[in-house]
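This report refers to the structure that appears directly beneath it.
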Amino acid sequence: MTRILIIAAFAASSSVATAQAVTVTLSEWKVGLARDTVQAGSVTFKVKNSGTMTHGFYVRGDGVDKGSREIPAGQEASLTVTLKPGTYEVFCL
């Protein structure tokens, strides 16, 4: 299942950028996000595969086309990307 991640069009008020974390749960035909809106900038997706088969997590849009390593069932991985304001597609394979 595909989810859309909407990136807020405002910058952090601090001059020191810190990575935001978003918890992601994968299973067969489902991507669960702890939240679907974040500030533009560095975002770390903490991905857990709760399914019964290997999955990968991907983010695509506005110059970003990145994916995690293949994540075996029951294991975790992370993916850090820098996002501009806009709308991004997130999905698993």
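By convention here, the first residue in the shown sequence is residue 1.
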| Does the pair V59 and L83 meet the rule for a side-chain contact (heavy atoms from CB on, under 4.5 Å), with working shown? | CA-CA 10 Å; V59 179; L83 303 175; 4.3 Å; yes
Let me have the donor-acceptor pairs involving side chains of residues 62-74, under 3.5 Å, with sequence neighbours excluded, atom names and distances please.
from, atom 1, to, atom 2, distance (Å)
D65, OD1, R60, NE, 3.2
S68, OG, F57, N, 3.0
R69, NH2, E76, O, 2.8

When rounded to the nearest 0.5 Å, the distance separating OG of S50 from CD of Q75 is 12.0 Å
task: Could you walk me through whether V22 and V38 pass the side-chain contact (heavy atoms from CB on, under 4.5 Å) test, one step at a time?
output: CA-CA 9 Å; V22 177; V38 297; 3.6 Å; yes
d(C92 SG, K30 NZ) to nearest 0.5 Å is 11.5 Å
task: Kindly determine whether V24 and V31 satisfy side-chain contact (heavy atoms from CB on, under 4.5 Å), including the steps that lead there.
output: CA-CA 7 Å; V24 180; V31 175; 4.0 Å; yes
Exercise. Quick one: are K48 and H55 in side-chain contact, heavy atoms under 4.5 Å?
Worked result: no
**Prompt:** Does the pair F45 and V81 meet the rule for a side-chain contact (heavy atoms from CB on, under 4.5 Å), with working shown?
**Reply:** CA-CA 8 Å; F45 295 93; V81 295; 3.7 Å; yes
Those residues at least two apart in sequence (or on a different chain) that pass side-chain hydrogen bond (donor to acceptor under 3.5 Å, both in side chains) with S78 are none
Distance col, row T37:OG1 vs L33:CG, nearest 0.5 angstrom, shows 10.0 Å
Residues passing the side-chain contact (heavy atoms from CB on, under 4.5 Å) test with T23, sequence neighbours excluded, are A34
Just so I know, are the side chains of T52 and E28 near enough to count as touching, which here means a heavy-atom distance under 4.5 Å? yes
Sequence neighbours excluded, the answer for side-chain hydrogen bond (donor to acceptor under 3.5 Å, both in side chains) partners of T54 is none
